[in-house]
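Read the structure below first, then the notes.
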Amino acid sequence: MADKVNLLDFDVDGLIDWLAARGEKPFRAKQVVRWIHRFGVSDFDQMTDVAKKLRATLAEEAVVSCPQPIRDAESSDGTRKWLIDVGNGNAVESVFIPESNRGTLCISSQAGCALDCSFCSTGKQGFNRNLSAGEIIGQLWLANRLLGATADGERVISNVVMMGMGEPLANLDNVVTALKLMLDDHAYGLSRRRVTVSTSGIVPAMDRLREACPVALAVSLHAPNDKLRDELVPINQKYPLKELLAACNRYLTAAPRDFVTFEYVMLDGINDADSHARELISIAREVPCKYNLIPFNPFPNSPYRRTPAERIRRFAGILQDAGLVATTRKTRGDDVDAACGQLAGQVLDKTRRTQTIQPASTLRS
Ligand code: SAH
Ligand code: SF4
């Protein structure tokens with residue numbers, strides 16, 4: 001099994017090539033992709049319109065293997081969160097957030113993250129490894145199964161956001177393969193506008209994403225000037241705001257939406273003064289954008305506190321009075337630690353004091 005290929009690692013073009021090397025026509029790849037992604041079938045015997053000979057080849061050389069959940073928690077607000085085993089004591093998280101008009105799945109791109117943003121639990125755990133394309137798309141594949149997608153393709157997931165663990169643009173090739181499957185009509189058929197990549201601002205990779213597979217873009221701004229952003233989002237030292245904003249404008253020339261979403265974590269007494277809001281207004285003059293204010297989610301040993309709700313309202317008000325769109329992210333799934341980067345942070349200790357995965361419930365304070 002170890003040397004079999006995992007078909008979840010292929011987008012349609014990749015599978016066309018793999019099958020062409022075995023003398024198969026392109027339409028076979030489309031059939032197989034439909035079985036795997038649209039109908040959720042992993043057993044080749046069930047792929048009834050695929051020729052028997054090809055099914056035998058597939059069984060011999062390939063598998064459809066998706067990482068397994070080790071914890072499945074449902075919040076009282078309907079948010080569902082899975083902790084997914086990716087081997088060697090590593091786990092990543094996926095979160096499903098149902099709303100009246102859409103169902104959003106938030107997925108991870110890396111086990112850990114190397115970028116070390118000062119307020120981020122994932123960053124504090126350090127970097128472990130990139131997820132494979134199969135492990136990324138596998139989160140959508142699995143969530144569809146676990147949420148009871150029906151064989152005729154009825155789905156509850158209408159939107160995907162790459163806002164789980166990791167920096168998607170630091171794992172661009174695998175992320176692009178997974179994005180292509182999300183968009184492909186033979187697989188998930190999601191609209192480009194409903195698939196969002198969130199980045200802390202790796203400028204050259206933003207350009208590559210624009211060329212390879214433009215989807216909606218969210219940028220983790222978190223500070224309105226270089227001095228503060230250097231501190232909170234250290235990648236800013238390499239790609240400062242001026243370059244980041246220029247990259248956003250280049251991205252928008254190919255993007256499915258005509259604005260960038262700037263994420264802005266609200267840290268009490270750090271980046272939440274009226275003067276910061278005014279600086280954000282100037283930034284909005286340079287890049288068409290919407291602001292999404294994220295109340296900080298505390299985690300053990302973090303040096304920050306969440307900005308009080310009243311101050312967040314005032315901050316949002318300053319932006320709105322200037323004619324900007326500023327929304328505040330609802331803190332959902334708090335009772336299952338479904339807020340960004342939280343659960344894995346509690347169950348995994350990358351400081352190597354423990355290497356084992358433990359149920360989060362035993363660790364929660
Ligand atoms: N690495 C990517 C995507 C993953 S994080 C990025 O940084 O954009 C998704 C969002 O959650 C980012 O905006 C991130 O900065 C934010 N975030 C991280 N830690 C947080 C915390 N403790 N509280 C609130 N938001 C946080
Ligand atoms: Fe990595 Fe994003 Fe966390 Fe920064 S905020 S450490 S880029 S996951």
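One-based numbering, in listed order, for ligands and for the atoms of each. Just so it is clear, the values below take in all heavy atoms, side chains as well, and ignore hydrogens, waters and symmetry mates. Being a predicted model, the structure only gives us computed values, none of them experimental.
Under 4.0 angstrom from ligand 2, the non-hydrogen atoms of Asp116 all belong to its backbone. Contacts between Glu167 and ligand 1, counted as non-hydrogen atom pairs separated by less than 4.0 Å, involve both the backbone and the side chain. Under 4.0 Å from ligand 1, the heavy atoms of Val265 that appear belong solely to its side chain. Residue contacts with ligand 2, taken as heavy atom pairs separated by less than 4.0 Å, involve Cys117 via backbone and side-chain atoms alike.
Proximity to Thr199 (heavy-atom distance under 4.0 Å) selects the following atoms of ligand 1: 6 (C), 8 (O). Interface of Cys120 with ligand 1, defined as ligand atoms under 4.0 Å from a residue heavy atom, comprises 18 (C), 19 (N). Atoms of ligand 1 found under 4.0 Å from any heavy atom of Gly166, numbered from 1 in the order shown, are 1 (N), 2 (C), 3 (C), 4 (C). Distances below 4.0 Å separate heavy atoms of Ser200 from the following atoms of ligand 2: 7 (S).
Remark: distances from the non-hydrogen atoms of Met165 to ligand 1 are all 4.0 Å or more. Using a 4.0 Å heavy-atom cutoff, Ser220 is absent from the residues neighbouring ligand 2. Using a 4.0 angstrom heavy-atom cutoff, Gly164 counts as in contact with ligand 1.
Of the listed residues (Asn271, Leu267, Val233), just one forms a side-chain contact (heavy atoms from CB on, under 4.5 Å) with Leu228, and that residue is Asn271.
Comparing Gly123, Ser118, Gly166, Gly164 against atom 2 (Fe) of ligand 2, the shortest heavy-atom distance belongs to Gly166. Of all the listed residues (Lys124, His222, Arg329, Arg306), His222 holds the heavy atom that lies closest to atom 15 (O) of ligand 1.
At a 3.5 angstrom cut-off on N or O pairs, Pro295 does not count as close to ligand 1. Any N or O atom pair closer than 3.5 Å counts here, and Ser121 shares no such pair with ligand 1.
Ion pairing of Glu211 with Arg208 is absent here, as no side-chain N (NZ or NE/NH1/NH2) approaches a carboxylate O to less than 4.0 Å. Contact check on Asp207 versus Arg210 returns a salt bridge, with a Lys/Arg side-chain nitrogen under 4.0 Å from an Asp/Glu carboxylate oxygen. Between Asp226 and Lys242 no salt bridge is recorded (no basic side-chain N to carboxylate O distance below 4.0 Å). Under 4.0 Å is where a charged nitrogen must lie from a carboxylate oxygen, and between Asp230 and Lys238 no such pair does. A salt bridge between Asp72 and Lys81 is absent, with no side-chain N of the basic residue lying under 4.0 Å from a carboxylate O of the acidic one.
Cation-pi geometry between Arg38 and Trp35 is not met at under 6.0 angstrom from the ring centre and within 45 degrees of the axis.
Asp11 places a side-chain N or O within donor-acceptor distance of the main-chain N or O of Gly14, the cut-off being under 3.5 Å. Under a 3.5 Å cut-off, the side chain of Tyr188 and the backbone N or O of Lys180 do not form any donor-acceptor pair.
What sits closest to atom 1 (Fe) of ligand 2 on the protein, heavy atoms only, is Cys113 SG, 2.3 Å. Protein heavy atom at the shortest distance from atom 3 (Fe) of ligand 2 is Cys120 SG, 2.3 Å.
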Begin from the C-alpha positions of His276 and Tyr264 and carry the test ring-ring contact (aromatic ring centres under 6.0 Å, His included) through to its verdict. CA-CA 11 Å; His276 295 125; Tyr264 196 90; 7.6 Å; no
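Counting heavy-atom neighbours within 6.0 Å of Arg22 CZ, excluding the residue itself, gives a total above 12.
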